[in-house]
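Numbers here simply count residues along the sequence, with the first being 1. A quick note: this is a predicted structure, and the numbers were derived from the prediction, not measured.
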Amino acid sequence: MCRMPWCRRNRFGHGKKMGAHDFTTADVQGMTDAQLTDIITNGKNKMPKYGSLPPDQIKGLVAYIRTLKK
């Protein structure tokens with residue numbers, strides 16, 4: 001389980017209210033790790049950037065998103 005605040009927020013459904021993507025969709029799961037890393041680092045649309053996170057935490061987020069595959 002991801003212990004980072006944004007993971008918990010989405011896990012309990014609050015991300016839907018914020019317009020967050022459903023990480024289980026084929027669109028998200030079809031992205032490469034590099035694409036997900038770029039989105040986490042630089043942001044996209046309404047998602048803010050998290051470029052201040054250490055690379056190992058960003059890699060951990062990508063790994064967590066992969067666990068959400070349907």
Considering all heavy atoms of both residues, which atom of V28 and which atom of D22 are nearest to each other, and what is their separation? CG2-O, 3.6 Å
Q29: what forms a side chain to side chain donor-acceptor pair (under 3.5 Å) with it, not counting sequence neighbours? none
Checking the side chain of N45 only, and the main-chain atoms of M47 only, is there a donor and an acceptor separated by less than 3.5 Å? no
Step by step, would you call M31 with I65 a side-chain contact (heavy atoms from CB on, under 4.5 Å)? CA-CA 11 Å; M31 291 181 183; I65 291 168; over 6 Å; no
Check side chain to side chain donor-acceptor pair (under 3.5 Å) between T41 and all other residues, then give those that pass, not counting sequence neighbours. none
Going by the rule salt bridge (charged side-chain N to carboxylate O under 4.0 Å, His left out), which residues pair with D33 if we only count those two or more places apart in sequence or in a different chain? R66
According to salt bridge (charged side-chain N to carboxylate O under 4.0 Å, His left out), does anything in residues 47-57 pair up with another residue at least two apart or in another chain? List the pairs. none
Rounded distance (nearest 0.5 Å) linking atom CG of L53 with atom NZ of K59: 15.0 Å
Side chain to side chain donor-acceptor pair (under 3.5 Å) partners for T32, two or more places apart: Q35
Correct closest heavy-atom pair for Y50 and I58 would be O-CD1, 4.0 Å
